[in-house]
Protein chains: 2
Amino acid sequence: MVKKQLIMEKAIDLFAKQGFEATSVQQITEHCGISKGAFYLSFKSKDELILALIDHFMMQFTADIDYVVKNTKDDEKLFHEFYYTTFNSFLKHSDFGKILMKEQSQSFNKELLIKMQSYDKLYEKSIMTMIDRLYGDEIEHIKYDLMYCIKGFTSTYSHLFLFQNVSVDLDLLSQSLVEKTHILAKHTTIPFISAELVHMGRLPIDDSVTKEQILEVVEQKIEEIEESIEKESLVLLKEHLVEPSLSPAIIKGLLENIRNHPHCKWISYLLRNYYKFY
Amino acid sequence: MVKKQLIMEKAIDLFAKQGFEATSVQQITEHCGISKGAFYLSFKSKDELILALIDHFMMQFTADIDYVVKNTKDDEKLFHEFYYTTFNSFLKHSDFGKILMKEQSQSFNKELLIKMQSYDKLYEKSIMTMIDRLYGDEIEHIKYDLMYCIKGFTSTYSHLFLFQNVSVDLDLLSQSLVEKTHILAKHTTIPFISAELVHMGRLPIDDSVTKEQILEVVEQKIEEIEESIEKESLVLLKEHLVEPSLSPAIIKGLLENIRNHPHCKWISYLLRNYYKFY
DNA sequence: TTGACAAATGACCGATTAGTCATTATTATA
DNA sequence: TATAATAATGACTAATCGGTCATTTGTCAA
């Protein structure tokens, strides 16, 4: 299982430099110092690797954004936290960010397309939550336009530090985008994007998650991670899932324990939403 | 020479669907109904094909935008014309637009990277011209931010009709973006992007064009095109280049003759700038 | 009809690809 | 230490890639 992570880390390096298709399995295994056969013990195919990478990072990203959006109490800081977290994630995992930008609209794989669309949908949902909370009904008619502009800002400005090697002041960048967002929200009058337009051309996605599915992910992670606090927290959460016995306060504390572990963010996200902690 | 155009047209289809690297020369020649050898009579390599495609479309696009920016007299309509022309070009050549979006940051080829950056620079120049004309010194401190937002709008909203199969009202879209642009220009106070930031991380590009270079392109096009009016106009323009003999009015008229021919837009652009017609 | 020239062909080349599997090395158990 | 179970190897396959070139086909004027 630790081999799987090694491969993923080294593959990221190469994919970011050369792109997915231009990188061979041979190159990856050489970069890892393992044999070609060993690669196929961890992943059934090269495609499965890229899917795993996307899941690994997008789950963290989605969970981080969701946490910030739902746990920032101060309305004044909401968009700033959102922008900052978005850019910080891109910066922290800039290699993956590059892959994402490069391969974004590359429909070479239907499964990948559906995956990306489902994460994108969650991202849009978070943005809409913020817009509804800050501006309410008063901008009902232009709220999808605002959402689209916000998405546009994040992707456009990400290019700056992903593809041009410039170091940027994320705080200032976030400030300037918060201002732009507020300005657009207050003054825009001409709507262009409707709810229908947002959802058209999308593939239908089943995004309901059952207790059993969560349980499966939790059990898998328990095997994977080694840190004691996180592992014990997961075990307790798993037992509570099978047979509820803990108080909400304890649950919330356990979730907080695992929230910042890179491999637990997604579980934390799933459970937060399962237990309706927001 | 007509074979070259056939290959380019058919290749566009496949590149848009599968991407550049995922499309083989074999596939292209089969789609054209020609042999593999015939392909290499028209293009020295597969790389040369993609470079030719990018030149072919980007020259048209750049020339169109430049014309609109320099020839729209009414300030009120300037940004509307700009947005409309941008989106209309993307829509008209949507297959190429897809390729552009897919392959944008793919640095698989240094020559391609430089090419794209030089066209991008021209696009940014056009935007800055509009900003300077409409808002002048009053927004000096945030003009690069505004430019970046405008670029962001065009690329973000292009996704709508390129990758989701939705038909959009380009006029309404342009209207709504004109409004957003004006709003941002009037109210933005926090600058983030500086002139240095825009030019950092860029490769140096030589964008001066000599008379000899223009002459070369003109002569080449004279051989290529068949339409009589355009051809004759080109011949006259060429003679005037070698030995000036025509009045400015005639030159302007000749340029107008060829302006809307897909293969002459670039020449028209080069000559307009050479004779300083703006 | 002939011969000279150009256009077009597709079998072929060496390199590279994703993926397999018989074999070997390592580890755990008894 | 002996045995069973697991992990890891890398030579191998079949397919495909971009690109070449001896050969064939087509098109002229003579």
Side-chain angles (χ1 to χ4, degrees), chain A residues 1-54 99 102-103 106-113 220 223-224 226, chain B residues 1-55 99 102-103 106-113 115 220 223-224 226:
Chain A
M1 202 49 88
V2 82
K3 181 70 60 63
K4 211 164 177 171
Q5 284 165 35
L6 171 72
I7 293 172
M8 285 168 76
E9 274 171 35
K10 298 296 185 183
I12 283 275
D13 294 345
L14 298 171
F15 287 164
K17 279 181 207 136
Q18 312 169 336
F20 174 68
E21 280 182 290
T23 304
S24 68
V25 175
Q26 191 98 289
Q27 276 181 288
I28 296 170
T29 56
E30 277 168 17
H31 202 232
C32 290
I34 62 170
S35 70
K36 209 168 172 187
F39 174 91
Y40 286 94
L41 291 177
S42 293
F43 296 95
K44 276 206 284 286
S45 69
K46 194 183 163 191
D47 275 6
E48 205 189 73
L49 168 61
I50 189 83
L51 290 173
L53 282 172
I54 285 179
I99 298 171
K102 282 182 184 177
E103 239 74 32
Q106 203 88 6
S107 58
F108 69 87
N109 188 318
K110 185 140 194 172
E111 200 179 341
L112 187 142
L113 199 76
Q220 192 185 316
E223 298 302 313
E224 270 181 47
E226 286 153 13
Chain B
M1 201 48 88
V2 83
K3 181 72 61 61
K4 211 165 178 172
Q5 284 167 33
L6 171 74
I7 293 172
M8 287 169 75
E9 275 171 36
K10 297 296 185 184
I12 283 273
D13 294 346
L14 297 171
F15 288 163
K17 277 180 208 138
Q18 312 168 335
F20 175 68
E21 280 182 291
T23 304
S24 68
V25 175
Q26 191 103 318
Q27 277 181 289
I28 297 169
T29 56
E30 276 168 16
H31 201 232
C32 291
I34 61 170
S35 70
K36 210 170 169 186
F39 174 91
Y40 286 93
L41 291 177
S42 293
F43 296 96
K44 275 205 283 287
S45 69
K46 193 185 164 191
D47 275 6
E48 205 189 74
L49 169 60
I50 188 83
L51 290 172
L53 281 172
I54 285 178
D55 264 333
I99 298 171
K102 282 184 184 175
E103 239 74 32
Q106 202 90 7
S107 59
F108 68 87
N109 186 318
K110 186 141 193 173
E111 199 180 340
L112 188 141
L113 199 76
K115 207 178 263 301
Q220 193 186 316
E223 298 302 312
E224 269 181 49
E226 285 153 14

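Predicted model, so just to flag it, every value in this text is computed and none were measured. Naming: A, B, ... by sequence-line order, numbering from 1 per chain.
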At a heavy-atom distance below 4.0 Å, which nucleotide of DNA chain C is the first touched by chain B, and which is the last?
dA8(C) to dG10(C)
Tell me the interatomic distance from I7(A), atom CD1, to dT9(D), atom C1', rounded to whole angstroms.
14 Å
Report, one pair per line, the protein and nucleotides 16-21 of chain D atoms (nitrogen or oxygen only) whose separation is under 3.5 Å.
{"unit_1": "dG18(D)", "atom_1": "OP1", "unit_2": "K46(B)", "atom_2": "NZ", "d": "2.8"}
{"unit_1": "dG18(D)", "atom_1": "OP2", "unit_2": "V25(B)", "atom_2": "N", "d": "3.0"}
{"unit_1": "dG18(D)", "atom_1": "N7", "unit_2": "K36(B)", "atom_2": "NZ", "d": "2.9"}
{"unit_1": "dG19(D)", "atom_1": "OP2", "unit_2": "Y40(B)", "atom_2": "OH", "d": "3.1"}
{"unit_1": "dG19(D)", "atom_1": "OP2", "unit_2": "K46(B)", "atom_2": "N", "d": "2.9"}
{"unit_1": "dG19(D)", "atom_1": "N7", "unit_2": "K36(B)", "atom_2": "NZ", "d": "3.1"}
{"unit_1": "dG19(D)", "atom_1": "O6", "unit_2": "K36(B)", "atom_2": "NZ", "d": "2.5"}

Can you name the nearest heavy-atom pair linking A22(B) to E21(A), along with the distance?
CB-OE2, 3.3 Å
Nearest heavy-atom contact between T23(A) and Q18(A) is OG1-OE1, 3.0 Å
Find out whether I34(B) and I7(B) are in side-chain contact, i.e. whether some heavy atom of one side chain is under 4.5 Å from a heavy atom of the other.
yes
Where A52(B) and F43(B) come nearest, the two heavy atoms and their spacing:
CB-CE2, 3.9 Å
Determine whether L49(B) and F15(B) make a side-chain contact, defined as any pair of heavy atoms from C-beta on separated by less than 4.5 Å.
yes
Indicate the atoms forming the closest heavy-atom contact of E48(B) with S42(B), along with that distance.
OE1-O, 4.2 Å
So do D47(A) and F20(A) actually touch side chain to side chain, heavy atoms under 4.5 Å?
yes
Should H31(A) and L14(A) count as side-chain neighbours, where that means a heavy-atom distance under 4.5 Å?
yes
